[in-house]
Protein chains: 2
Amino acid sequence: MRADKRRRLERAGWSVGDAGDFLGVSAEERRFIDVKLALADGLRRRRERLGLTQTQVAERFGSSQSRVAKMEAAHRSVSTDLLLKSLFRLGASPSDVARLVGQKSRTRAA
Amino acid sequence: MRADKRRRLERAGWSVGDAGDFLGVSAEERRFIDVKLALADGLRRRRERLGLTQTQVAERFGSSQSRVAKMEAAHRSVSTDLLLKSLFRLGASPSDVARLVGQKSRTRAA
DNA sequence: TGATGATATGTCATATCTGACATTGCCTGC
DNA sequence: GCAGGCAATGTCAGATATGACATATCATCA
């Protein structure tokens with residue numbers, strides 16, 4: 001696994017093992033995490049595209065800035081339910097979301 | 001809203017208002033529910049295609065038959081996290097899931 | 001009819017998520 | 001340097017999800 005993705009996961013509170021990387025994590029779990037990361041990235045990009053701050057989004061959602069930050073970081077404590085609802089709240093369509101879900105994780109960066 | 005979908009939602013514990021139907025439910029919430037229903041349907045179809053019973057799937061998941069039934073019914077008490085993890089556990093690929101997420105709700109039946 | 005297998009529903013203790021708040025880190029401009 | 005706004009992180013009480021169990025419904029078949 002590349003270092004940037006590794007860092008990404010650790011920031012998100014996943015505590016990736018130092019050497020063996022994803023040893024012990026099944027392929028299914030990996031796919032699930034990828035989906036979550038893709039949704040989180042999509043949320044951030046959508047917010048930035050709308051020119052909103054995390055605080056503004058939080059107000060719109062009836063939530064808090066810290067929660068929005070955690071959503072975008074795909075933190076452990078945020079569910080895909082929350083990510084999906086948030087994407088739709090920012091105007092995403094089902095096919096927008098489908099694109100995020102279906103995309104390969106390598107092409108998501110940058 | 002058609003009667004079958006209405007029944008579907010009620011079975012799932014959503015208690016849809018009798019006359020006004022989705023009055024008061026935002027478009028975003030509707031999209032979210034549609035995604036959930038699509039994932040649940042996809043899960044059921046995948047299980048059936050594999051020729052497995054809910055009990056067998058439950059064993060494989062380390063869960064219970066009742067929980068699997070609720071997943072397939074898209075019951076209130078099941079999250080999209082659980083649905084996604086379950087789909088992947090039954091061998092779905094990210095693009096399989098993306099197809100479910102992106103599809104129009106009308107074409108999902110039958 | 002009963003019996004069996006499969007699926008659905010209700011409830012509950014525990015686990016996990018959620019929003020809130022405080023705090024910290026990170027820039028950019030002064 | 002230090003304000004200012006913006007983003008990230010830690011913690012916590014209340015809300016929601018989860019698996020388990022009991023039970024109910026529904027077919028199919030002897």
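Chain letters run A, B, ... following the sequence lines, proteins first and then strands; every chain starts at 1. The basis for the numbers below is simple: all heavy atoms, side chains too, and nothing from hydrogens, waters or symmetry mates.
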Worksheet item: C:dT7 phosphate, OP1 or OP2: any side-chain N/O from B:Arg47 under 4.0 angstrom?
Response: yes

Fill in: salt bridge (charged side-chain N to carboxylate O under 4.0 Å, His left out) against A:Arg47, all qualifying residues, sequence neighbours excluded
A:Glu72

Distances for protein N/O vs nucleotides 25-28 of chain D N/O pairs under 3.5 angstrom?
none

Under 3.5 Å, which protein N or O atoms sit close to an N or O of nucleotides 12-15 of chain D? Give each pair with its distance.
none

Worksheet item: Bend across the helix from C:dT1-D:dA30 to C:dC26-D:dG5, to 10°, with axes taken over 5 pairs at each end?
Response: 40°

Worksheet item: Quick one: side-chain contact (heavy atoms from CB on, under 4.5 Å) partners of B:Ser64, sequence neighbours excluded?
Response: B:Ser66, B:Arg67

Fill in: Options D:dT18, C:dA8, C:dG19, nucleotide nearest the side-chain atoms of B:Glu72
C:dA8

Fill in: Set of residues satisfying side-chain contact (heavy atoms from CB on, under 4.5 Å) with respect to A:Glu59, sequence neighbours excluded
A:Thr55

Item to complete: Would you jot down, in residue-number order, the residues of residues 60-68 of chain B having a non-hydrogen atom under 4.0 Å from DNA chain C?
Response: B:Gln65, B:Ser66

Item to complete: Nearest whole angstrom, please: distance from the C1' of D:dA8 to the NE2 of A:His75.
Response: 10 Å

What donor-acceptor contacts under 3.5 angstrom involve side-chain atoms of residues 89-102 of chain B, with partners at least two apart or in another chain?
unit_1: B:Arg89; atom_1: NH2; unit_2: B:Phe61; atom_2: O; d: 2.8
unit_1: B:Ser93; atom_1: OG; unit_2: B:Ser95; atom_2: N; d: 3.4
unit_1: B:Ser93; atom_1: OG; unit_2: B:Ser95; atom_2: OG; d: 3.2
unit_1: B:Ser93; atom_1: OG; unit_2: B:Asp96; atom_2: N; d: 3.1
unit_1: B:Ser93; atom_1: OG; unit_2: B:Asp96; atom_2: OD2; d: 3.1
unit_1: B:Asp96; atom_1: OD1; unit_2: B:Arg99; atom_2: NH2; d: 2.8
unit_1: B:Asp96; atom_1: OD2; unit_2: B:Arg46; atom_2: NH2; d: 3.1
unit_1: B:Asp96; atom_1: OD2; unit_2: B:Ser93; atom_2: N; d: 2.9

Worksheet item: Does the side chain of B:Ser79 come under 3.5 Å of the side chain of A:Ser79 through a donor N or O and an acceptor N or O?
Response: no

Discussion item. Nearest to the B:Ser79 side chain among D:dA7, D:dT18, C:dT18, which nucleotide is it?
Written reply: D:dT18

Discussion item. Is there a side-chain contact between B:Leu39 and B:Met71 in this structure, where contact means two heavy atoms from C-beta onward sitting under 4.5 Å apart?
Written reply: no

Discussion item. I'd like to know if B:Lys70 reaches the base of C:dG10 with its side chain such that a donor and an acceptor end up less than 3.5 angstrom apart.
Written reply: yes

Worksheet item: Taking only residues two or more places apart in sequence or in another chain, which ones pass side-chain contact (heavy atoms from CB on, under 4.5 Å) with A:Glu48?
Response: A:Arg44

